[in-house]
Visitor: 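Below is the structure I would like to discuss, written out as structure tokens.
The basis for the numbers below is simple: all heavy atoms, side chains too, and nothing from hydrogens, waters or symmetry mates. Computed from a prediction, not measured in an experiment: that's the story for all the values here.
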Amino acid sequence: MGSIHRYFYSTLAITIFDDKKQLKHYHQTVKEMSNHSSGYLGIGVDKKRFGTGTVLIMVTDVKGTVVECRIMSGVTVFAKFKKCKRFNELNILDVNVWDYENKYQVSLKMAIEKIHLQMNKMVSVS
């Protein structure tokens, strides 16, 4: 019975450590991408109960043209953000989310919606 408890607690400790490491990587990536001089940052998350989830971080200039995009896709804590150049130079006002693969649609749509909210907030404040 003691070895089962040791196994359980060591597995729990490893999981907590790996989760903290991935969270640190996430925050570091967001901070790095938010250092652009002007524009908007949108984050889209597609959580799956079973299967591969996706996190997409997108930065646009003030006109809505994508200047940087990174995506993390995977089912383990070992997944890391990768540069996603396929969306660079696109204007989010012209993007049809349904033109892209299923695995990007939800997170891309969410990131674009968040950028639209920021753009509208800037317009209404001005």
Side-chain angles (χ1 to χ4, degrees):
M1 198 65 156
S3 62
I4 292 174
H5 284 107
R6 271 194 301 273
Y7 174 76
F8 173 77
Y9 288 117
S10 61
T11 303
L12 182 63
I14 290 169
T15 302
I16 290 170
F17 174 76
D18 287 341
D19 285 348
K20 281 188 172 195
K21 216 165 94 173
Q22 188 175 42
L23 194 58
K24 183 179 177 184
H25 175 66
Y26 170 81
H27 286 292
Q28 181 181 347
T29 302
V30 170
K31 184 178 179 182
E32 190 179 305
M33 291 182 69
S34 62
N35 283 334
H36 288 271
S37 58
S38 62
Y40 306 100
L41 182 133
I43 301 173
V45 180
D46 182 13
K47 291 183 185 178
K48 303 261 193 228
R49 190 170 203 97
F50 300 103
T52 306
T54 305
V55 178
L56 186 139
I57 305 174
M58 180 179 282
V59 177
T60 68
D61 62 14
V62 292
K63 295 179 181 175
T65 302
V66 178
V67 293
E68 187 174 3
C69 182
R70 296 192 193 174
I71 193 159
M72 178 171 60
S73 184
V75 291
T76 68
V77 293
F78 302 113
K80 299 284 184 205
F81 281 100
K82 295 179 180 130
K83 291 188 179 193
C84 184
K85 296 179 181 178
R86 70 175 3 163
F87 301 118
N88 287 359
E89 303 300 319
L90 293 175
N91 191 297
I92 62 166
L93 302 173
D94 300 329
V95 172
N96 182 357
V97 177
W98 311 118
D99 288 343
Y100 296 95
E101 297 139 75
N102 288 344
K103 67 180 178 178
Y104 298 122
Q105 289 175 354
V106 173
S107 56
L108 179 61
K109 183 175 185 277
M110 185 183 291
I112 289 172
E113 286 172 351
K114 290 187 178 177
I115 292 171
H116 278 286
L117 285 172
Q118 292 173 51
M119 291 172 120
N120 291 337
K121 198 179 284 187
M122 293 303 290
V123 169
S124 64
V125 171
S126 301

Visitor: Heavy atoms only: give me the nearest Leu108-Met58 pair and the separation to one decimal.
Guide: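 Heavy atoms of Leu108 and Met58 come nearest at CD1-CE, 3.3 Å.
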
Visitor: Rounded to the nearest 0.5 Å, how far does CD1 of Ile43 lie from CD1 of Ile115?
Guide: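 Nearest 0.5 Å value for the CD1-CD1 distance: 9.5 Å.
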
Visitor: Tell me, please, which residues at least two apart from Asn96 pass side-chain contact (heavy atoms from CB on, under 4.5 Å).
Guide: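 Only Trp98, Asp99 meet the side-chain contact (heavy atoms from CB on, under 4.5 Å) criterion with Asn96.
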
Visitor: Quick one: salt bridge (Lys or Arg N to Asp or Glu O under 4.0 Å) pairs with a partner in residues 37-46, sequence neighbours left out?
Guide: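 Listed once each, the pairs are Asp46-Lys48.
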
Visitor: Indicate the atoms forming the closest heavy-atom contact of Ala111 with Leu56, along with that distance.
Guide: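 Closest pair (atom of Ala111, atom of Leu56, distance): CB-CD2, 3.7 Å.
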
Visitor: Quick one: do Met119 and Ile92 satisfy side-chain contact (heavy atoms from CB on, under 4.5 Å)? Show the steps, please.
Guide: CA-CA 11 Å; Met119 291 172 120; Ile92 62 166; 4.1 Å; yes

Visitor: Check step by step if side-chain contact (heavy atoms from CB on, under 4.5 Å) holds for Glu68 and Ile57.
Guide: CA-CA 8 Å; Glu68 187 174 3; Ile57 305 174; over 6 Å; no

Visitor: Does Val106 reach the side chain of Thr54, with side-chain heavy atoms less than 4.5 Å apart?
Guide: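 A side-chain contact under 4.5 Å is absent here.
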
Visitor: Considering only distance and modelled atom types, tabulate donor-acceptor pairs under 3.5 Å from the side chains of residues 81-90, sequence neighbours left out.
Guide:
unit_1 : atom_1 : unit_2 : atom_2 : d
Arg86  : NH1    : Glu101 : OE2    : 2.6
Arg86  : NH2    : Glu101 : OE2    : 3.0

Visitor: What are the two closest heavy atoms between Ser73 and Ala79, and how far apart are they?
Guide: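 Distance-wise, the nearest heavy atoms are O-CB, 3.9 Å.
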
Visitor: Can you pull out every salt bridge (Lys or Arg N to Asp or Glu O under 4.0 Å) where at least one residue sits in residues 53-62? Sequence neighbours excluded, please.
Guide: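 Of all non-adjacent pairs touching residues 53-62, none passes salt bridge (Lys or Arg N to Asp or Glu O under 4.0 Å).
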
Visitor: For a 4.5 angstrom cut-off between non-hydrogen side-chain atoms, does Thr60 reach Thr65?
Guide: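 No. Closest side-chain heavy atoms not under 4.5 Å.
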
Visitor: How would you list all residue pairs meeting salt bridge (Lys or Arg N to Asp or Glu O under 4.0 Å) that involve residues 105-120, not counting sequence neighbours?
Guide: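 As it turns out, the salt bridge (Lys or Arg N to Asp or Glu O under 4.0 Å) pairs with a partner in residues 105-120, which skip direct neighbours, are Lys109-Glu113.
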
Visitor: Going by the rule side-chain hydrogen bond (donor to acceptor under 3.5 Å, both in side chains), which residues pair with Glu32 if we only count those two or more places apart in sequence or in a different chain?
Guide: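 In terms of side-chain hydrogen bond (donor to acceptor under 3.5 Å, both in side chains), with neighbours along the sequence ignored, Glu32 is linked to Arg70.
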
Visitor: Any link between Val30 and Val45 through a network of hydrophobic side chains (Ile, Leu, Val, Met, Phe, Trp, Tyr) touching at under 4.5 Å?
Guide: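 The answer is yes; both residues are in one hydrophobic cluster.
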
